[in-house]
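Residue numbering restarts at 1 for every chain, and letters A, B, ... go by the order of the sequence lines. Just so it is clear, the model here is predicted, and its values are computed rather than measured.
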Amino acid sequence: MAEPASDGGLSFHPMDQFIIKPLFGAAGDKVAWYTVTNLTLWMALAVVCVLGLFVLATRRRAIVPSRGQSVAELFYGFVYKMVEDVTGKDAVRYFPYIFTIFLFIFFANFLALIPMSFSPTSHIAVTAVLGFGVFFAVTILGFVKNGASFLGLFWVSSAPLVLRPILAVIEVISYFVRPVSHSIRLAGNIMAGHAVLKVFAGFAAVTAVAPVAVLGVVAIYGLEVLVSAIQAYVFTILTCVYLKDALHPSH
Amino acid sequence: MAEPIEQELAGECVNSIGNAIGMPQLCDAWFGNQIFWLIVTLVVIYLVLTKIALPRISAVLAERSGTISNDLAAAEDLKRQAVEAEAAYEKALADARSEAQRISEEARASIKSDLDAAIARADEKIAAKSAESEKQIAEIRAGAMTSVAEVARDVAGEIVKALGGKADASAVNAAVDARVKGN
């Protein structure tokens with residue numbers, strides 16, 4: 001996708017923003033699993049945001065909340081209600097895990113909108129860990145809670161008997177596709193948005209189309225703000241839906 | 001990024017001038033780093049939430065809903081008191097009104113009885129006066145009758161004398177009495 005730089009011509013490197021670089025040391029140093037990289041920095045900033053909003057802003061434990069505390073309570077109430085409504089009242093014990101996922105994706109998405117920043121959630125490795133983590137957690141939880149009757153999830157008892165084997169095959173396939181779509185949806189949205197932003201920004205260097213390109217950047221940026229929040233929401237609500245299948249596998 | 005970097009160190013994902021080769025997302029040399037730091041981040045966020053943030057926020061929310069329900073109960077109580085006070089006020093007002101009515105009724109009754117007594121007394125006096133006057137009138141009338149008889153007798157005697165007769169007093173009297181009674 002990225003063309004090698006050619007002298008004199010227009011050169012786009014929309015994917016360069018996704019390169020993982022060591023924070024310390026020379027560019028091009030080897031990136032080991034423990035290396036502190038730009039990814040580490042922006043994930044750490046997400047943690048800092050969580051700390052700021054949920055520890056610093058709530059430190060006064062005010063009955064009449066300050067602005068920061070009400071935002072924290074708003075997040076809490078939003079996700080708590082989502083878990084309660086989608087998954088059920090018995091699922092609120094899994095709320096901290098779901099809230100962790102939501103806050104990480106939310107802050108990673110929004111921090112990535114800062115110019116010159118790095119977007120961890122655009123990386124398929126990151127979202128795949130999240131998506132497959134949810135998949136394995138939900139599957140193991142389903143078998144632990146329901147035993148073999150968890151397999152009833154694939155046996156659609158409300159369908160005619162002849163259709164049930166066919167439906168079971170489809171259900172099994174869709175079940176195993178879940179983590180793939182779950183993770184690619186998030187990474188794809190974020191990566192595409194940021195790449196498009198970069199392409200528009202590249203066109204802004206050409207005087208003739210610069211106004212259009214700048215307007216395009218503004219429009220796509222607005223879209224990306226929506227996408228950041230919506231993808232965090234979608235990932236979380238799908239996690240709730242999958243968790244519901246594990247807790248109540250009957251159709 | 002412009003200066004050349006060593007190809008072997010950068011791996012197969014970045015070219016000699018630092019541009020990405022293909023999608024950096026698919027560069028498996030970086031997967032370990034990404035997964036490691038993601039897990040670290042998630043664990044840190046999870047610990048921050050479960051150790052500090054969530055207990056704090058849920059405590060604040062519980063406390064707030066408790067405070068709100070207490071305040072609502074207090075407001076309910078105050079409202080009930082206000083209703084009671086209003087009822088008491090209405091009752092006092094009604095009592096005062098009926099009291100005033102009773103007092104004015106009493107005053108009216110006593111005035112009426114006084115008036116009746118005065119009227120009765122006045123009627124009595126008037127009746128006595130008119131009876132007395134009637135008696136006097138009767139006396140005067142009786143007096144006048146006797147005077148008329150006397151004058152008639154005298155006049156009759158004189159007329160008889162003037163006519164040259166001899167006035168027999170007893171005959172004249174009888175004649176006059178007969179005449180006067182005839183009237």
Considering all heavy atoms, the nearest [X]-[Y] contact:
{"X": "B/W37", "Y": "A/Y34", "result": "CZ2-O, 3.4 Å"}
{"X": "A/A125", "Y": "B/I35", "result": "O-CG1, 4.3 Å"}
{"X": "A/A62", "Y": "B/R64", "result": "O-NH2, 3.5 Å"}
{"X": "A/T35", "Y": "B/N33", "result": "O-ND2, 2.8 Å"}
{"X": "B/Q34", "Y": "A/L39", "result": "CA-CD2, 3.7 Å"}

What's the spacing between [X] [atom1] and [Y] [atom2] if we round to 0.5 Å?
{"X": "B/L49", "Y": "A/F95", "atom1": "CG", "atom2": "CZ", "result": "8.0 Å"}
{"X": "B/C27", "Y": "A/I124", "atom1": "SG", "atom2": "CD1", "result": "14.5 Å"}
{"X": "A/I101", "Y": "B/I45", "atom1": "CD1", "atom2": "CD1", "result": "10.5 Å"}
{"X": "B/M23", "Y": "A/M191", "atom1": "CE", "atom2": "CE", "result": "3.5 Å"}
{"X": "A/F99", "Y": "B/T50", "atom1": "CZ", "atom2": "OG1", "result": "12.0 Å"}

**Prompt:** Does any donor atom in the side chain of B/Q25 or A/H123 lie under 3.5 Å from an acceptor atom in the other side chain?
**Reply:** no

Are [X] and [Y] close enough that some pair of their side-chain heavy atoms sits under 4.5 Å apart?
{"X": "B/T41", "Y": "A/F104", "result": "yes"}
{"X": "B/L61", "Y": "A/Y76", "result": "yes"}
{"X": "A/I19", "Y": "B/W30", "result": "yes"}
{"X": "B/E63", "Y": "A/R61", "result": "no"}
{"X": "A/T100", "Y": "B/V48", "result": "no"}
{"X": "A/P96", "Y": "B/L54", "result": "yes"}

**Request:** Among the options A/A72, A/A128, A/S122, pick out the one with the most heavy-atom pairs lying under 4.5 Å from chain B.
**Result:** A/S122

**Message:** As an exercise: rank B/V44, B/L42, B/T67 by heavy-atom pairs under 4.5 Å with chain A and give me the winner.
**Reply:** B/L42

Whether over 12 other heavy atoms sit under 6.0 Å from [X] [atom1]:
{"X": "A/R67", "atom1": "CZ", "answer": "no"}
{"X": "B/E139", "atom1": "CD", "answer": "yes"}
{"X": "A/F75", "atom1": "CZ", "answer": "yes"}

**Message:** Ring-plane angle category for B/F36 and A/W33, please: parallel below 30°, perpendicular beyond 60°, tilted otherwise.
**Reply:** perpendicular

**Request:** Take B/I57 and A/T58, measure what side-chain contact (heavy atoms from CB on, under 4.5 Å) needs, and give me the verdict at the end.
**Result:** CA-CA 7 Å; B/I57 292 175; A/T58 61; 4.2 Å; yes

**Prompt:** Quick one: what part of A/V50 sits under 4.5 Å from any heavy atom of chain B, side chain, backbone, both or neither?
**Reply:** side chain

**Prompt:** Quick one: what part of A/Q17 sits under 4.5 Å from any heavy atom of chain B, side chain, backbone, both or neither?
**Reply:** neither

**chain A contact residues among residues 94-127 of chain B, heavy-atom distance under 4.5 Å** =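 Against chain A, none of the residues of residues 94-127 of chain B fall inside the cut-off of heavy atoms under 4.5 Å.
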
**Heavy-atom contact with chain A under 4.5 Å, split by part of B/I52** = side chain

